[in-house]
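Letters A, B, ... mirror the listed sequences (proteins, then strands); counts begin at 1. Given the structure is predicted, the values throughout are model-derived calculations rather than measurements. Computed over heavy atoms, backbone and side chain alike; hydrogens, waters and symmetry mates excluded.
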Amino acid sequence: MALDRRLDVLAVCGVGMGTSLMLKMTAEDALNSLGVDARVENTDIGSARGMSPDVVIGQGMHTSELEDLAPVVITVSDFLDKEGLVEQLRERLSEKGWLA
Amino acid sequence: MTVVGASDGVHAADWREAVRAAASVLVGVGAAGPGYPDACVRVVESSGPYIVMAKGLALVHARPEEGGLAVGVGVTRLAAPVDFGHPDNDPVDLLLTFCTPDADSHVAALSTLARQLLAGLADRLRAAPDQDALAAVLRGAVTGDRGRA
């Protein structure tokens, strides 16, 4: 079913201030280009464990510890590869029926 | 006001030396205290090489309480690249670094930096001929002033 609210996305990293902020910016760009209404936040992996977003994005060394945190968990190596993230988001959000 | 610094042709035997050298730029320009470089090394030791956020590019940083005195941004280009043990993005030749006095002051500068990186800033930095040009390109990117890049 289509999501009837804003998509809640979490970008994670170790400290939660720098690298995840970079990823947040890339994710916002990627979600924009897909026309998805989303709110993207960034945080550290410890704080992430207490949250319940729709989508988690981070490097494999972090997402492997957060596999049960969200319905969609996306692993990104190159935070500047916006097109790669767009493709992953397109595929995974489509599976959930979250893409218009 | 964001403080900007740069170092070029830095010789580092391993990632720890590279991280210390990058963070020392912020100490040198007065944006970070003397303990900041070692704190940046500890971030990687405890959380892994995730700071290698793109091919060849690391974002060196630690928490504000580790010695952030002002919002500072630096760039360091290595004489020879080093491995961080990252599964996809090694080896690293370019290190960006930042510090911030609190949890929020850096967000505007770093968001601008992120947009510039998405627009090819890393390539522009790699193409800079020397340390002064590195600093000028970075300063232009974080302040919105295009400078002489």
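With a 4.5 Å cut-off on non-hydrogen atoms, V52(B) touches chain A through its backbone but not through its side chain. Heavy atoms of P87(B) lying under 4.5 Å from chain A belong exclusively to its side chain. Heavy atoms of M17(A) lying under 4.5 Å from chain B belong to its backbone as well as its side chain.
Comparing V44(B), L59(B), I51(B), V107(B) by heavy-atom pairs within less than 4.5 Å of chain A, the highest count is held by L59(B). Top candidate by heavy-atom pairs under 4.5 Å with chain A, chosen from A114(B), A62(B), P64(B), is A114(B).
In terms of hydrophobic clustering, with Ile, Leu, Val, Met, Phe, Trp and Tyr side chains grouped at heavy-atom distances under 4.5 Å, L78(B) and V41(B) are assigned to a common cluster. One hydrophobic cluster, built from ILVMFWY side chains closer than 4.5 Å, cannot hold both V4(B) and V71(B); they sit in different ones. At a threshold of 4.5 Å between side-chain heavy atoms, the hydrophobic network of Ile, Leu, Val, Met, Phe, Trp and Tyr places L10(A) and L34(A) in two separate groups. A continuous path of hydrophobic side-chain contacts links M53(B) to I57(A) [ILVMFWY only; heavy atoms under 4.5 Å]. One hydrophobic cluster, built from ILVMFWY side chains closer than 4.5 Å, cannot hold both V86(A) and V73(A); they sit in different ones.
Between atom CE of residue M25(A) and atom CG of residue L110(B) there is a gap of 9.0 Å, rounded to the nearest 0.5 Å. Summarising the geometry, atom CG belonging to L57(B) is positioned 11.0 Å from atom CZ belonging to F79(A); distances are rounded to the nearest 0.5 Å.
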With 3.5 angstrom as the limit, list the donor-acceptor pairs from chain B to chain A, or say none if there aren't any.
{"residue": "Y50(B)", "atom": "O", "partner": "Q59(A)", "partner atom": "NE2", "Å": "2.8"}
{"residue": "Y50(B)", "atom": "OH", "partner": "V15(A)", "partner atom": "N", "Å": "3.0"}
{"residue": "V52(B)", "atom": "O", "partner": "Q59(A)", "partner atom": "NE2", "Å": "3.3"}
{"residue": "M53(B)", "atom": "O", "partner": "F79(A)", "partner atom": "N", "Å": "2.6"}
{"residue": "H86(B)", "atom": "NE2", "partner": "Q59(A)", "partner atom": "OE1", "Å": "2.5"}
{"residue": "D88(B)", "atom": "OD2", "partner": "S77(A)", "partner atom": "OG", "Å": "2.3"}
{"residue": "N89(B)", "atom": "ND2", "partner": "S77(A)", "partner atom": "O", "Å": "2.9"}
{"residue": "H106(B)", "atom": "NE2", "partner": "M17(A)", "partner atom": "O", "Å": "3.1"}
{"residue": "R115(B)", "atom": "NH1", "partner": "D29(A)", "partner atom": "OD1", "Å": "3.3"}

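Proximity to chain A at a heavy-atom threshold of 4.5 Å picks out nothing from residues 5-30 of chain B.
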